Amino acid sequence: DAKTTQPPSMDCAEGRAANLPCNHSTISGNEYVYWYRQIHSQGPQYIIHGLKNNETNEMASLIITEDRKSSTLILPHATLRDTAVYYCIVRVANFGNEKLTFGTGTRLTIIP
Amino acid sequence: KAGVTQTPRYLIKTRGQQVTLSCSPISGHRSVSWYQQTPGQGLQFLFEYFSETQRNKGNFPGRFSGRQFSNSRSEMNVSTLELGDSALYLCASSEGQGSNQPQHFGDGTRLSIL
């Protein structure tokens with residue numbers, strides 16, 4: 001699976017948009033970009049995923065660059081409950097190879 | 001829909017014992033994966049089951065095993081426990097196989113070995 005690079009930590013003011021970057025310069029054409037977050041003492045929570053196009057759901061938006069070498073997760077109106085470690089993952093499209101490989105992620109702190 | 005349910009939430013064992021952890025996937029999900037999370041190694045893949053068959057396995061010793069039942073519920077077993085097995089064990093389920101199927105995690109079982 002392609003390696004991802006994320007900043008180790010970020011701060012964001014409550015109510016503002018949180019923009020979390022991820023570099024995946026070695027991504028292959030059939031690899032999906034996934035985002036998860038983990039709040040202390042809980043399991044990782046699925047946020048969103050995409051292949052080529054930008055995606056939006058009730059939690060966040062995912063912007064993938066045209067060359068697919070980087071992406072940005074956007075939390076439009078951050079709240080204190082969004083404080084967590086955010087993981088960007090690229091996932092190969094091999095049927096039967098279902099494992100997720102998590103890196104060290106970005107620790108996002110929402111400031112009141 | 002109820003989420004992924006793992007039991008028990010906390011477990012304390014001693015070296016040499018064995019343990020069985022349980023996972024009930026989201027209703028309708030047929031694929032179940034298990035992961036081990038430790039502060040030093042992060043989140044590591046153990047194995048994945050689909051339709052009662054192990055389809056993928058990580059780099060863990062044979063002391064770690066699992067199974068899946070016909071209702072998709074899964075168990076993992078660790079025998080001859082070692083201190084290094086202390087970790088958060090996470091189960092994740094997805095509707096089927098394929099990288100366009102998100103895995104949804106439970107809150108894990110925290111296993112402590114004394």
Side-chain angles (χ1 to χ4, degrees), chain A residues 1-6 8 24 27-53 55-60 62 64 68 71 73 84-107, chain B residues 1 3-7 9-10 21 23-26 29-51 53-60 68 74 87-110:
Chain A
D1 294 352
K3 180 180 167 60
T4 62
T5 304
Q6 299 178 253
H24 31 78
I27 193 170
S28 298
N30 60 357
E31 289 183 323
Y32 283 82
V33 179
Y34 274 76
W35 283 85
Y36 283 80
R37 71 182 183 184
Q38 188 171 23
I39 298 168
H40 183 61
S41 79
Q42 297 181 15
Q45 179 187 23
Y46 165 75
I47 301 173
I48 199 167
H49 73 287
L51 184 63
K52 295 180 183 178
N53 301 320
E55 303 286 344
T56 295
N57 63 20
E58 64 278 2
M59 287 183 68
L62 173 61
I64 303 174
R68 302 207 330 119
S71 61
L73 177 75
V85 178
Y86 287 76
Y87 296 98
C88 168
I89 300 163
V90 291
R91 190 173 172 194
V92 67
N94 276 348
F95 191 87
N97 181 13
E98 305 307 320
K99 67 178 179 179
L100 298 176
T101 303
F102 284 69
T104 53
T106 296
R107 184 172 297 275
Chain B
K1 271 187 183 178
V4 176
T5 303
Q6 292 188 246
T7 56
R9 285 296 312 276
Y10 303 92
L21 311 181
C23 173
S24 293
I26 293 172
H29 284 195
R30 297 171 62 193
S31 174
V32 174
S33 298
W34 288 89
Y35 295 82
Q36 180 196 66
Q37 187 173 33
T38 59
Q41 298 294 321
L43 210 144
Q44 294 187 291
F45 172 77
L46 280 157
F47 28 65
E48 185 256 342
Y49 287 87
F50 182 80
S51 293
T53 302
Q54 187 180 95
R55 301 298 178 111
N56 200 9
K57 190 175 189 305
N59 295 323
F60 278 82
Q68 186 181 35
S74 178
L88 179 66
Y89 290 88
L90 292 158
C91 167
S93 75
S94 60
E95 284 191 39
Q97 294 191 306
S99 58
N100 195 24
Q101 303 271 358
Q103 292 187 9
H104 298 271
F105 286 81
D107 283 336
T109 293
R110 186 164 297 281

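Letters go in sequence order (proteins before strands), and every chain restarts at 1. Please read all numbers here as calculations on a predicted model, not as lab measurements.
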Query raised in the report: Can you say whether A:T104 sits under 4.5 Å from chain B via the side chain, the backbone, both, or neither, judging by heavy atoms?
Result: neither
Query raised in the report: Under the 6.0 Å and 45° cation-pi test, does B:R55 pair with B:F50?
Result: no
Report task. Indicate yes or no: at least one non-hydrogen side-chain atom of A:L73 is less than 4.5 angstrom from one of A:C88. Result -> no
**Report entry** Heavy-atom proximity to chain B below 4.5 Å, by part of A:Q45
**Finding:** neither
**Report entry** Polar side chain donor-acceptor pair, A:R37 to A:Y86, under 3.5 angstrom
**Finding:** yes
**Report entry** B:K57 atom NZ, neighbour heavy-atom count above 12 within 6.0 Å
**Finding:** yes
Query - B:Q6 versus chain A, the contacting section by heavy-atom distance below 4.5 Å - result: neither
